[in-house]
Structure formats: structure tokens, C-alpha cells
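A quick write-up on the structure given underneath.
Computed over heavy atoms, backbone and side chain alike; hydrogens, waters and symmetry mates excluded. Quick caveat: nothing in here was measured; it's all calculated off a predicted structure.
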Amino acid sequence: MIASLAMASGMAWPNWASGERVADTARATDAELAKAAVRGERDAFARLVEQHHRAVFALCYRLLRERDEAGDAAQEAFVRAYASIASFDVAQPFAPWVLRIARNHCLDLLRRRLPADRVVALDAPRDEDDVRPRDLVDERAERGDEKLERAQTAQALDAAVAALPEKYRTVVSLYHQQHLTYQQIAEVLNVPIGTVMTWLHRARAQLRKQLAGAEEVAP
């Protein structure tokens, strides 16, 4: 899919999906790969795609809440990153840069979504009468009290995170799922570190209240 998007846009794209590996990039660090990619080495960028695709997809899925759309958004983010790789500052880490591209693209998609109630639904808490399982539940899993309890806890947490405003969902995903530092999150969101800490604190407070059954706190 990424390759087809790149071809449609007239860009050459590395054959990263073939499973081939280039010897001199197999054990290279992110910084080395990024420098090579900026020099025009497509196999180096292919390695960056392989190493960061899961993180980019996770962020897109947390924001868009639709797996297929998140997959397309992640692919588009890498296409855009590849198109602008020459402008990447190799002195900076690659992950925050590509995650920022992915987030901006997802925000554009959210703004364009129609009808408008689809956007609201992503940020709104689930109705109390809605007991349908979330995507995290595996219906084929063996049943048992402990597994059911874990599944219910994961479902409740997923629903609580989904009910957060976009900026809070993003910091939760970047910090707790992608394990980025405050500084890296600040670079992704283009805000001061203090703002990141404040948003994360407020997000956690809202999650605690939602999981405890209290009313949602306004952002």
C-alpha cells in the first residue's frame, strides 16, 4: 500500500516490503539510518519504516479509532516523510519527527470527517447502555474468570482513553504506549514540556475518575 501510494504520487519508493535486507543497514542506529536516508539511500529509509511502523500505526489508531483508516493513515505518514526526508534534521531523533507527521495527518482526517457526529463520537464517552465489546477483546480466547476480568479491565481502559480529548489521547499514547520522553512528546506536539506534563496529569486524572465510575471532567 505504501509503495502504491508513492507510485501514484510519482515518487520512487524502496522495495521494503520484499523482506530483503541491506548488510550495512541491518544493525545501524536510527541516527545512522536517518543520515543515510537523507543522503538518498532508500534501503535506509525502508529500515526506518520497518522499525517505526508499529508506533506510527498505534498513534493513528488511538486518534482515528478505525483500524483500516489508521493503517492507511500510517502509510500516508511514511509517504509524506519520505517525500520530505531531505529536510529532516539528522541531529534530531527520527521517531518524534515521523510521529508528528502522522498526528498532523490524522488531525486533518478528523477535520474532514463527515458527518460531523462521527468526529464527536471519537471523543465522546460510550453510552451506559452500550455494552458491545471493543476491538481489544478476542472472542476466540479461552474463557475464565481471570481472563474475563482482564478483558473487561482492558475494555474499560480503552473506552476511557477513547473518551479523552484528542490532545490527552495523544500524550497518553506517546508516553505509555510509545514510551517517548517528555521532550520527545513536546517535539511531536510542538508544545512546551510543561504543557505535556500538564496534559498527561489531566489525562490521568480524567482516566481515574472515569474508571472509578465518576462523571467525566471537562477538559
Side-chain angles (χ1 to χ4, degrees), residues 1-22 24-113 166-167 169-171 173-175 177-193 195-196 199:
M1 180 64 75
I2 296 179
S4 64
L5 288 173
M7 291 176 62
S9 64
M11 295 187 298
W13 188 260
N15 190 24
W16 68 274
S18 66
E20 298 178 358
R21 297 293 184 271
V22 178
D24 60 354
T25 63
R27 297 183 179 180
T29 65
D30 260 17
E32 292 168 339
L33 290 172
K35 290 178 182 178
V38 171
R39 291 195 302 266
E41 297 182 22
R42 292 178 292 176
D43 289 311
F45 189 83
R47 290 285 295 145
L48 290 171
V49 172
E50 292 174 351
Q51 293 178 186
H52 295 281
H53 185 268
R54 289 175 63 88
V56 170
F57 171 80
L59 177 61
C60 292
Y61 180 66
R62 179 59 68 189
L63 294 175
L64 299 175
R65 306 302 303 159
E66 293 183 4
R67 188 168 298 277
D68 290 341
E69 189 175 11
D72 290 341
Q75 293 168 2
E76 175 63 20
F78 281 111
V79 169
R80 295 185 179 192
Y82 181 67
S84 58
I85 190 63
S87 65
F88 174 64
D89 182 1
V90 295
Q92 303 299 319
F94 180 79
W97 182 70
V98 72
L99 287 169
R100 181 166 62 250
I101 292 174
R103 176 181 181 261
N104 290 340
H105 177 54
C106 288
L107 292 182
D108 288 340
L109 292 176
L110 289 173
R111 294 187 189 101
R112 294 199 300 265
R113 272 184 174 178
E166 177 274 324
K167 59 187 179 184
R169 293 203 312 272
T170 302
V171 295
S173 177
L174 294 177
Y175 187 81
Q177 290 185 304
Q178 312 310 329
H179 307 293
L180 268 61
T181 65
Y182 290 139
Q183 178 62 47
Q184 290 173 328
I185 297 174
E187 293 172 3
V188 172
L189 303 181
N190 195 28
V191 296
I193 292 180
T195 300
V196 171
W199 288 356

Original post:
Would you say the side-chain atoms of S84 pair up with the backbone N or O of R80, donor to acceptor, closer than 3.5 Å?
Top reply: yes

Original post:
Checking side chain to side chain contact (heavy atoms under 4.5 Å, CB included) for the pair W199/V191: CA distance, chi angles, key distance, verdict?
Top reply: CA-CA 11 Å; W199 288 356; V191 296; 4.0 Å; yes

Pair up each side-chain donor or acceptor in residues 90-101 with any protein partner under 3.5 Å, not counting sequence neighbours, and list the distances.
unit_1	atom_1	unit_2	atom_2	d
R100	NH1	E187	O	2.5

**OP:** Please round to the nearest 0.5 Å and tell me the distance separating atom CD of Q184 and atom NE2 of H179.
**Re:** 12.0 Å

**OP:** Name all pairs fulfilling the salt bridge (charged side-chain N to carboxylate O under 4.0 Å, His left out) condition that reach into residues 81-90, sequence neighbours left out, sorted by first residue then second.
**Re:** none

**OP:** Evaluate the side chain to side chain contact (heavy atoms under 4.5 Å, CB included) criterion for residues K167 and T170: first the C-alpha distance (whole Å), next the side-chain angles of each, then the deciding distance (0.1 Å), finally the verdict.
**Re:** CA-CA 5 Å; K167 59 187 179 184; T170 302; 5.7 Å; no

Subject >> Pairwise distance OH(Y182) to OG1(T195) - rounded to 0.5 angstrom >> reply: 13.0 Å

Original post:
Who are the side chain to side chain contact (heavy atoms under 4.5 Å, CB included) partners of A73, not counting sequence neighbours?
Top reply: C60, L64, H105, C106, L109

**OP:** For side chain to side chain contact (heavy atoms under 4.5 Å, CB included), just list the numbers for Q51 and L33, CA-CA rounded to whole Å, side-chain angles, deciding distance to a tenth of an Å, and then say yes or no.
**Re:** CA-CA 11 Å; Q51 293 178 186; L33 290 172; 3.6 Å; yes

Original post:
Should the heavy atoms of other residues, nucleotides or ligands under 6.0 Å from CG of N190 be counted, would the total exceed 12?
Top reply: no

Subject >> Check ion pair R47-E50 (N to O, under 4.0 angstrom) >> reply: yes

Original post:
Is Q75 close to F57 at the side-chain level, that is, under 4.5 Å between some pair of heavy atoms?
Top reply: no

Original post:
Can you list the steps and then say if L189 with R103 is a side chain to side chain contact (heavy atoms under 4.5 Å, CB included)?
Top reply: CA-CA 8 Å; L189 303 181; R103 176 181 181 261; 3.2 Å; yes

